[in-house]
Amino acid sequence: MQNRIKELMEKVGGFKPATLAEIEDFRIKILGKKGELTALFEEFKSLSAEQKKEIGKTINELKTKALDKINELKESLDTVVASDCDAIDMSRPATARRVGTRHPISLVRRQIVDIFSRLGFTVADGPEIEDDWHVFSALNFPPEHPARDMQDTFFVEKNPDILLRTHTSSIQVRVMQNSRPPIRVVCPGRVFRNEAISYRAHCIFHQVEGLYIDENVSFADLKQTILYFAKEMFGEDASIRMRPSYFPFTEPSAEVDVSCNLCGGKGCNVCKGTGWLEIMGCGMVDPNVLEACGIDSRKYSGFAFGMGVERIAMLRYGVKDLRLYFENDIRFLQQFEAIY
Ligand code: DAH
């Protein structure tokens with residue numbers, strides 16, 4: 001009997017089924033009513049007490065081993081069967097998670113700042129709620145001067161000295177007050193004007209201001225800096241032209257046009273047939289501004305420029321309705337560069 005138990009033990013140990021049906025057959029053959037192990041237990045009953053003592057332990061071991069083996073095999077085959085099923089195909093690519101996208105205004109602002117930082121410009125920031133001095137007076141807007149009407153301003157009713165900045169030029173005043181030349185900064189920020197909202201005007205928009213102050217800075221430096229910017233932003237073929245203009249804080253002042261990147265300067269409906277698109281205002285910092293900010297205008301000169309981020313974004317992406325930049329419509333925003 002010991003030998004038969006040993007043989008059965010080996011049979012159980014070496015059993016390698018391929019299907020659940022084979023396991024079931026095996027279970028019936030060993031543990032079923034007419035199974036081999038069941039027969040052994042029948043025989044066991046008729047043994048003497050002495051023999052029972054000797055064999056009892058091994059026959060019980062055999063039973064446990066057979067049961068464990070069958071359960072184990074069933075479990076492992078179960079998972080193989082389950083993984084065959086399409087619903088949990090572990091090898092399939094996971095469902096892609098939607099990632100966010102950067103706002104087109106952030107993308108363009110970052111690109112503008114990047115371009116100027118390659119020329120050694122650093123970034124300066126300033127408050128959106130300003131006082132009259134930083135937005136107007138220090139920038140050579142005399143009190144009651146009509147130039148103040150160029151920008152429709154939101155004032156605080158109880159104290160008209162406090163207002164929402166209408167341009168980021170106010171930051172250049174703070175930079176000049178707080179640092180000594182050479183100064184090379186760009187100042188990105190949000191600005192506010194009392195305008196009716198339409199496809200081409202908004203009461204909130206974004207500007208990047210630039211300022212360069214040192215000894216012997218000339219208009220040629222300004223021109224070269226803006227040309228570099230235009231080529232980096234709109235492509236190597238871009239060219240610029242400057243038209244005389246007026247700003248209280250610069251003298252001389254100019255408006256800058258870039259060659260239309262859609263028609264290559266031939267004239268199309270975006271550039272209204274002219275071949276040129278206006279991108280910014282600029283000029284040589286007026287000596288009055290330098291003096292108001294505590295910089296010696298006999299020793300130092302400089303240039304400044306200011307551009308609208310929405311305007312550049314419009315030219316880059318062909319999105320002409322300004323309101324789209326502020327409505328946070330996910331269908332619009334999703335079309336821009338994803339954040340990874
Ligand atoms: N501050 C002007 C505006 O908001 C833009 C500007 C023009 C800025 C000429 C400048 C400049 O620094 O030199 O319309």
Side-chain angles (χ1 to χ4, degrees), residues 103 105-106 108-109 112-113 122-179 183 185-211 213 245-251 253 255 280-283 285-295 297 302 304-314 321-329:
H103 196 283
I105 296 302
S106 305
V108 172
R109 185 197 51 209
I112 297 171
V113 169
T122 54
V123 176
D125 201 2
E128 292 177 348
I129 302 171
E130 267 289 10
D131 52 33
D132 178 281
W133 196 77
H134 288 93
V135 176
F136 295 123
S137 301
L139 288 166
N140 202 31
F141 288 81
E144 314 300 333
H145 193 281
R148 288 181 181 233
D149 293 340
M150 285 163 77
Q151 306 175 354
D152 283 327
T153 311
F154 285 117
F155 294 97
V156 170
E157 230 165 17
K158 285 196 178 133
N159 181 0
D161 190 45
I162 308 294
L163 44 94
L164 296 181
R165 71 180 177 201
T166 52
H167 54 185
T168 41
S169 306
S170 54
I171 308 175
Q172 56 158 285
V173 173
R174 292 182 176 274
V175 173
M176 283 190 271
Q177 280 183 303
N178 297 324
S179 49
I183 294 171
V185 285
V186 280
C187 320
R190 209 154 43 150
V191 299
F192 308 85
R193 289 190 198 178
N194 190 5
E195 306 253 8
I197 296 172
S198 72
Y199 79 95
R200 54 195 293 258
H202 208 287
C203 55
I204 305 176
F205 56 100
H206 300 79
Q207 288 187 331
V208 176
E209 179 82 10
L211 178 71
I213 310 276
S245 186
Y246 170 76
F247 301 102
F249 34 91
T250 43
E251 183 59 36
S253 305
E255 243 146 327
M280 68 172 88
C282 65
V285 180
D286 192 300
N288 287 347
V289 175
L290 294 176
E291 294 297 333
C293 300
I295 290 176
S297 63
F305 55 87
M307 68 187 103
V309 181
E310 280 78 2
R311 172 92 189 143
I312 307 282
M314 198 183 102
D321 191 332
L322 271 183
R323 290 169 294 196
L324 281 165
Y325 293 118
F326 297 94
E327 281 166 355
N328 283 335
D329 185 333

message = Using modelled atom types and a 3.5 Å cut-off, is there a donor and acceptor pairing between side-chain atoms of D131 and backbone atoms of H134?
response = yes

Pair F247 + H167: ring centers closer than 6.0 Å: no

Of all heavy-atom pairs linking Q207 and T168, the shortest is OE1-N, 2.9 Å

Between I105 and A313 the two heavy atoms that sit nearest each other are CD1-CB, 4.1 Å

What one should report as the nearest heavy-atom pair of T250 and A304 is CG2-CB, 4.5 Å

(message) Is it true that, when you exclude R323 itself, more than 12 heavy atoms of the residues, nucleotides or ligands shown sit nearer than 6.0 Å to its CZ?
(response) yes

**Item:** Over 12 non-hydrogen atoms of neighbours within 6.0 angstrom of CD1 in I162
**Value:** yes

Handout entry: Sidechain-backbone polar pair: E310 side chain, H206 backbone, donor-acceptor under 3.5 Å
Key = yes

**Asked** Below 4.5 Å, heavy atoms only, C-beta onward: do N194 and T153 meet side chain to side chain?
**Response** no

Taken to the nearest 0.5 Å, the spacing of F192 CZ from D152 CG works out to 15.0 Å

Check: Does atom CD of E327 have more than 12 heavy-atom neighbours from other groups under 6.0 Å away?
Finding: yes

Are the side chains of P188 and I112 in contact, using a 4.5 Å heavy-atom criterion? no

P248 and D286 have their tightest heavy-atom pair at O-OD2, 3.8 Å

* Can you tell me if R190 uses its side chain to pair, donor with acceptor, with the backbone of R165 under 3.5 Å? -> no

